[in-house]
Colleague: 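Before anything else, here's the structure in question.
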Amino acid sequence: MTSPTNSVSILQRITLNPQQKEAVVCEKWPQLVFAGAGTGKTRVLTAKIAYLIEQRRVYPNRIFAATFTNKAAGEMRSRVENLVGISCKGMWIGTFHSMCARILRQQAHRIGYTPAFTIFDQDDQLSLLRAVMKSLELDERTMQPRHALSVISKYKNRCLSPEDVAGTGKSYYDQEAIRVYEHYQKALVQQQAMDFDDLIANAVRLLRAEPEVLQNYRTMFEYVLVDEYQDTNVAQFHLVQLLASGHGRVFVVGDDDQSIYGWRGAQVENILSFDRHFPNTTTFKLEENYRSTQAVLDFANAVIRSNTRRAPKQLWTGKAGGAGVIVARYGDDRQEAQGVVERVSELSRAGTKLGDMAVLFRTNAQSRAFEEALRRRNVPYVLVGGISFYERKEIKDCLAYLRLLVNPKDDVSCDRILNVPSRGIGAKSRDTLIEAARRSSRSMLEVIVAGDCTGLGAKSFSGLEELRSVFLLMRELVEQSRAPNEILQEMLTVTGYIDRLESEESEEADARLENINELMNALAIWSQENEAGGIAEFLEEVSLATDIDRWDKETDSLNLMTLHCAKGLEFSSVFVVGLEDGLLPSRQNFDDEAKLAEECRLFYVGATRAMRTLECSHVDQRWRFGSLMPMTPSRFLEAVPEKLFDTVDHTRVAAEALPSMLSFRPQRVRESKSGGGERRKIRIEPQHDEFDQDIVQYRMGQHVMHRTYGPGKILSISGFGPDMRLTILFNDGTRKRLMARFANLESS
DNA sequence: TTGTTTATTCTTTTT
DNA sequence: GAATAAACAA
């Protein structure tokens, strides 16, 4: 530890207001801090940890601190280190998920896992669930895999195992869902894999089942701190309780007004009734906002005011005045993007850095219009979130090979790369392999490596042999302790993955190659920085990485992200866009009051990100599902008193100045399947005229022109109306049978 | 068995 | 309009 320091030193090195200071030095546990937006929540948490280490002589490795993202954890660790001047390497600070994964790897054998277990992301979960449903002969149309997954997730978030919920299904559907859960869970264990929810649920299960393990961690973690407590779910609450209720030294920080993860199982009740679960809690309230101007804060307060069921609080700021909040109206989403980019340029010219500005939206899909507008104007930007790097096909393929190297039981990964790049193993051979694995209770890769799968065609057999040799080679390279990036490189060469992409010579393939290169670089850098780190550790980091983790505010580019992603961040200027009913609030949450309230808080979170200027916008019509939909301003805007913002109407100006922007597209009329079928039943005689208003009339022998096949002659016509098929002999001698509706033929 | 074309569905939000 | 599933031609 450091040399003795005098009792006020830590408090001298960090500026705290009286309330913050009280929370930091308080010795009466447990402690709860209600910290409104911008009131210095992170500052208090950091100071608290530093105070514990320096003043209370707590060893860093005795502290368990859960944050919402890895990035927040990393920042907090280095801030604490700066404050106390010693390394805090041993401190447990990270997301619940990453720390649970760490505990579970240490104790894996106790719950039927090896330490090398794989972590499944949503994509993997879905693949596994599909496989499970297939083996149960459940039709995906009767039970949507995604829905089943959300049901399972809800159970896991409440720490309910399949056994716990067995027999509780009210409807047939519920019972089937429980049956799927049971088999899904079995499959996870069989493949030595855990999904995100398992990381928490299994940690709780472990601590409950093994008293001496629990006792170990309880004595180890003398202090338990939790950031963003309003976003914890039941399982996380249980974990905190298990670790901390013995000694009661628990310190949580949060803001019920910023609870925006209810859909993921988070319970605001956790923070609202904290003192019920942790008796004799000392509660603090931070209400002085250091971030925003009075104008921004007044607006934000008005947004949240209508929400019921919140702990009473009133944020105030010393930053009187400030630019008024603007609410802009645009004709459509393209104009909105254009208008916002215009404003961004103005602010940029006036001295605000691009990196200090952000465009915040409800859905990822909204980013497109902005990206296009920004690219047109050559404004540098970063898009945070969306399809992350590690979710790209080519990257997931590479990772699947690596995952299999670490955990050969991972059938989801094996299934993924079985025929990637294609090596002649089709659906049939795949089923044969799966069946062989099932019969001998081995994993797919184990069967492949053993090379004893029978009943395959020659082509598939040699394909499997090829795959087998790839893995034998990779394992040999691991034996020789070759660098992980070299092993990946070797795999990509041997399998011909690189060759395939190179010979494709398309822009897309080039982008893929570039991504793969980037992955190899990341792997190389990573293995250099983490001497002890093997492939397994790299994979863990990758699967628990968040989008925001890779975000760097220092690069001076305009930030585009979802409202969810923006939580915890602040920007000088903020644009909250797409403020329309159906989008914010989302239409899917219209009928549920609690969900609607969460949408409102989402808007509040967005508004409170702004330090100096806040501009909101909504449009009259928006492109959705490929067609232009009329939109009305968000009900949350209507609830804000008009004196708190200035309205700017861009619709008329835009219509005159940008006639080309009003792109008119003919609405495509779609023939519904059932509609077509009914008509056919009614009509006994072929009567083309009713259908053929927009379909060209054809006759046998007619000469026609096809867009890709060129000129040809109609040989025969079958079916009628929307089902009409034409057999055409093209001039190059090929004969094709085409649907008249889609053939797009011209008479010639 | 494979690539291509066609049909359908879909959008919240993410550890 | 894009991603994905199904259907089809080769």
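Model, not experiment: these values are computed from the prediction. Here is how names work: the chains are called A, B, and so on, in the same order as the sequence lines, proteins then strands, and each is numbered from 1.
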Colleague: If the cut-off is 4.0 Å, is A:R146 near the phosphate of B:dT12, judged by side-chain N/O to OP1 or OP2?
Modeller: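 No, A:R146 has no side-chain N/O under 4.0 Å of OP1/OP2 on B:dT12.
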Colleague: In whole Å, I'd like the distance from the NE2 atom of A:H147 to the P atom of B:dT11.
Modeller: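 Value for this atom pair: 13 Å.
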Colleague: Near DNA chain B, under 4.0 Å by heavy atom, which residues of residues 412-422 of chain A?
Modeller: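 When residues 412-422 of chain A is checked for heavy atoms under 4.0 Å from DNA chain B, the hits, listed by number, are A:N419, A:S422.
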Colleague: Using the C1' atoms only, state how far C:dA6 lies from B:dT11, rounded to an integer number of Å.
Modeller: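 It works out to 22 Å between them.
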Colleague: Considering every strand and a 4.0 Å limit on heavy-atom distances, what is the contact class for A:D121: base, sugar-phosphate, or nothing?
Modeller: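 Result for A:D121 = nothing.
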Colleague: Please confirm whether the shortest side-chain N or O distance from A:Q144 to OP1 or OP2 of B:dC10 is below 4.0 Å.
Modeller: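 Answer yes for this pair, as a side-chain N or O of A:Q144 is under 4.0 Å from OP1 or OP2.
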Colleague: Starting at atom CD of A:Q267, determine the distance to atom P of B:dT15, rounded to an integer number of angstrom.
Modeller: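 Interatomic distance, CD of A:Q267 to P of B:dT15: 20 Å.
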Colleague: To the nearest Å, give me how far apart CG (A:D123) and P (B:dT14) are.
Modeller: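 Distance check: A:D123 CG to B:dT14 P gives 15 Å.
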Colleague: Pick base, sugar-phosphate or nothing for A:R587, based on heavy-atom distances below 4.0 Å to the nucleic acid.
Modeller: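 Contact class for A:R587: none.
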Colleague: Is A:R500 positioned over the aromatic face of A:Y497, cation under 6.0 angstrom from the ring centre and no more than 45 degrees off axis?
Modeller: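 No, A:R500 does not sit over the ring of A:Y497.
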Colleague: Separation of A:D227 atom CG from B:dT15 atom P, in whole Å?
Modeller: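 One finds 15 Å between P of B:dT15 and CG of A:D227, rounded.
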Colleague: Considering only atom P, compute the distance from C:dT4 to B:dT13 and round it to an integer number of Å.
Modeller: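 The answer is 14 Å between these two P atoms.
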Colleague: Is it true that a side-chain atom of A:R423 and a backbone atom of A:L418 form a donor plus acceptor pair closer than 3.5 Å?
Modeller: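 Checking the backbone N and O of A:L418 against the side chain of A:R423, a donor-acceptor pair under 3.5 Å is found.
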Colleague: Do A:R334 and A:W623 meet the cation-pi criteria used here (NZ or CZ under 6.0 Å from the six-membered ring centre, within 45° of the axis)?
Modeller: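 Judged by the rule (NZ or CZ under 6.0 Å from the ring centre, within 45° of its axis), A:R334 is not positioned above A:W623.
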Colleague: Calculate the interatomic distance between A:F361 atom CZ and B:dT11 atom P; express it in whole Å.
Modeller: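 In whole Å, B:dT11 P lies 18 Å from A:F361 CZ.
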Colleague: For A:R264 and B:dT12, is the shortest distance between a side-chain N/O and OP1 or OP2 below 4.0 Å?
Modeller: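 The answer is no; no side-chain N or O of A:R264 sits under 4.0 Å from OP1 or OP2.
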Colleague: Looking at B:dT9, I'd like to know if its phosphate oxygens (OP1 or OP2) sit under 4.0 Å from a side-chain N or O belonging to A:R624.
Modeller: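 No, outside the criterion.
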Colleague: Taking the six-membered ring for Trp, are A:F575 and A:F370 ring centroids under 6.0 Å apart?
Modeller: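 A:F575 vs A:F370: aromatic centres not under 6.0 Å.
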Colleague: What does A:R430 touch in the nucleic acid at a heavy-atom separation under 4.0 angstrom: a base, only the sugar-phosphate, or nothing?
Modeller: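 Counting heavy atoms under 4.0 Å across all strands, no contact is made by A:R430.
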Colleague: At under 4.0 Å between heavy atoms, what does A:E228 touch on the DNA or RNA strands: base, sugar-phosphate, or nothing?
Modeller: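 Nothing, no nucleic acid heavy atom in range.
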Colleague: Would A:W263 count as stacked on B:dT13 if the rule is ring centres under 5.5 Å and plane angle under 30°?
Modeller: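 Taking the rule of under 5.5 Å and under 30°, the ring of A:W263 does stack on B:dT13.
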Colleague: A:T95 side chain: which of B:dT15, B:dT14, B:dT12 is closest?
Modeller: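 Closest nucleotide among those given: B:dT15.
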Colleague: So what does A:I425 touch, heavy atoms closer than 4.0 Å: a base, only the sugar-phosphate, or nothing?
Modeller: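 Answer is sugar-phosphate: A:I425 comes under 4.0 Å of backbone atoms only.
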Colleague: Excluding sequence neighbours, so at least two apart, what forms salt bridge (Lys or Arg N to Asp or Glu O under 4.0 Å) with A:R375?
Modeller: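 Result, salt bridge (Lys or Arg N to Asp or Glu O under 4.0 Å) vs A:R375: A:E371.
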Colleague: Would you indicate what A:K459 reaches in the nucleic acid, counting non-hydrogen atoms under 4.0 angstrom: base, sugar-phosphate, or nothing?
Modeller: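 Result for A:K459 = nothing.
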Colleague: Is it true that a side-chain atom of A:S460 and a backbone atom of A:I425 form a donor plus acceptor pair closer than 3.5 Å?
Modeller: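 The answer is no, because no donor-acceptor pair under 3.5 Å joins these two groups.
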Colleague: With a cut-off of less than 4.0 Å, is there a side-chain N or O of A:N364 near OP1 or OP2 of B:dT14?
Modeller: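 So the side chain of A:N364 is within the cut-off, an N or O lying under 4.0 Å from OP1 or OP2 of B:dT14.
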Colleague: Using modelled atom types and a 3.5 Å cut-off, is there a donor and acceptor pairing between side-chain atoms of A:D121 and backbone atoms of A:D124?
Modeller: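 At least one qualifying donor-acceptor pair exists.
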Colleague: Within the distance-only criterion (no hydrogens, no angle test), does the side chain of A:R609 pair as donor or acceptor with the backbone N or O of A:L569 below 3.5 angstrom?
Modeller: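 Side chain of A:R609 to backbone of A:L569, a donor-acceptor pair under 3.5 Å: yes, one is there.
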